[in-house]
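Have a look at the structure below before the remarks.
Below, chain A is the first sequence line, B the second, and so on; all start at residue 1. Just so you know, these numbers use all the heavy atoms, side chains as well, and skip hydrogens, waters and symmetry mates.
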There are 2 protein chains.
Amino acid sequence: MVKIGYLGPRGTFTKLAVDTAFNGEDKHSFDTIPECIDAVEENRIDIGVVPLENAIEGTVQLTVDYLVHQVRLPIIAEIVVPIQQHLLVDSIFSGDLSNLEEIHSHSHAIAQCHQFIHKYMPDAAINFTSSTGKAAEVVSKSDKNIAAIGNKLAAEEYGLRIYQENIHDYPNNHTRFAVLAKNEDIVKIKHDKQAEKTSLLITLPSDYAGALHQVLSAFAWRKMNLSKIESRPMKTGLGNYFFIVDVNQPYDGVLFPSVQAELEALGCKVTVLGTYPVYQMNI
Amino acid sequence: MVKIGYLGPRGTFTKLAVDTAFNGEDKHSFDTIPECIDAVEENRIDIGVVPLENAIEGTVQLTVDYLVHQVRLPIIAEIVVPIQQHLLVDSIFSGDLSNLEEIHSHSHAIAQCHQFIHKYMPDAAINFTSSTGKAAEVVSKSDKNIAAIGNKLAAEEYGLRIYQENIHDYPNNHTRFAVLAKNEDIVKIKHDKQAEKTSLLITLPSDYAGALHQVLSAFAWRKMNLSKIESRPMKTGLGNYFFIVDVNQPYDGVLFPSVQAELEALGCKVTVLGTYPVYQMNI
């Protein structure tokens, strides 16, 4: 059976993404992003699922930095899951919002529901937990009238009731996850792909005005569309940057090699982080 | 006395930045980034200090999204602080690393010290806390032989001893903070500025190939150097983006207005998030 590792604990968005994307494989929770990536590298698991863009459980920075500096595993797929934060209460709670004395959640989930809390629960005491899953656990074990903020899976895992759905401030927020594996043939996602992307890591030779503009020329005149660009400081000190670029098309034998050859002639270093399908999940 | 708000709790990198940058002003801790920004907007505090790039306490996304979508306050200054994670123990602990049974910290701080833990403390149980400051508090209240990962300030605030300095994996990691205020004259930072920057928010009219390249042309031919560029999805749905661009020079009366006029003629929307000095702190 295929072994899938994910950034835990239970009841988080990463676990929700894994459960939505994969059937009943053998699933293992890891405590940190580097531990999960190491486990794939060392063949202890076959597939690793880690956050690429997720304000709560991990940042693109941690995942990208580890892939860039420590372990070079290809991105095999991207999973996109909408952020839906719910107000979770004990299944026997029968009061209304004003009876809930405390709200428990990760600080970023609290921040994502700022306007709801401000408007409807201004007197509730805020308690921070290390994850949204942990917050659900706290509520499930408590005798008091308290609430957690978390997703549907957290409610299921800890037997909580969704008191109010979708209390997050922005309706169109998403989390993105990278699926990492050495052997792409074992990655079977039970959805249809929506798009294909190629992620490149581009290091500039020096920090001069217009360097990035010159790099983007190589894509622009070939009409290769970029869906994401982000500069990240190198770990060698301030003032040195690399760029992560997502191109909205699969790697091919003509356009991409030409772009790479041109950029390398300009002194850039180009690394393909992966060319992969994107799966948009509806949960 | 000037009232300064910051993203708490005690013993975090944001508090360290505030203590390093400002003298004995009246300092107030806030639980979330939106609460701190709201407090400046509603004149309850004069200055707010929130993370712009900080994998542990908050992401650029939360701060930028709130400034873009909810409250438009100018960035008055940027404070850059090196990330230095230390292994903290109770002041009376007299054993060695192998005697430490547990490590407590925020999951991102644990991830930042992954190699140290893997190599020197492979048997220690990992416990996640909501912040590095909270981890220091747990250690200070415990009778067991346990350690926290946190910064110098966390050690001071909770009376812990730094057992080993600088256990983080990457030596050149930094956190960046935005100083927000309505009146820039009250912001007095007790250091010399290292640089000046201007941050712009640019919304593209549509998602077509080469649009970003065209936008960057306006900067490139004027030899205006960009130190950061990041695309962020609009909250209106997938496929719409805005860009945050940091230009390495102060706003002026000629170059910037010309860039703005050209980009607006192309159908872009340009907003100046701030033009401000950068202070690099040595702690």
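- Separation of atoms NE2 (B/His108) and OG (A/Ser130) is listed at 10.5 Å; rounding is to 0.5 Å.
- The CD1 atom of B/Ile126 sits 7.0 Å away from atom CG of A/Asp31, with the distance rounded to the nearest 0.5 Å.
- A/Ser231 and B/Lys228 make their closest contact through OG-CA, 3.3 Å (heavy atoms, listed as atom of the first residue, atom of the second, distance).
- Looking at B/Thr129, the atoms closer than 4.5 Å to chain A (heavy atoms on both sides) all sit in the backbone: N, CA, C or O.
- In this structure, A/His213 NE2 and B/Gln214 CD are separated by 9.0 Å, a value rounded to the nearest 0.5 Å.
- To the nearest 0.5 Å, the span separating OG on B/Ser217 from CG on A/Leu216 amounts to 9.0 Å.
- Heavy atoms of B/His114 lying under 4.5 Å from chain A belong exclusively to its side chain.
- Using a 4.5 Å cut-off between heavy atoms, A/Glu35 touches chain B through backbone and side chain atoms alike.
- Neither the backbone nor the side chain of B/Asn127 comes within contact range of chain A; no heavy atom of the residue lies under 4.5 Å from a heavy atom of that chain.
- Interatomic distance, OH of B/Tyr66 versus CD of A/Gln112, reported as 13.0 Å (0.5 Å rounding).
- Across B/His118, B/Gln115, B/Lys134, B/Arg222, the residue that shares the most heavy-atom pairs under 4.5 angstrom with chain A is B/Gln115.
- The CG atom of A/Asp169 sits 10.5 Å away from the CG atom of B/Asp65 when rounded to the nearest 0.5 Å.
- Between B/Phe128 and A/Thr32 the shortest side-chain heavy-atom distance falls below 4.5 Å.
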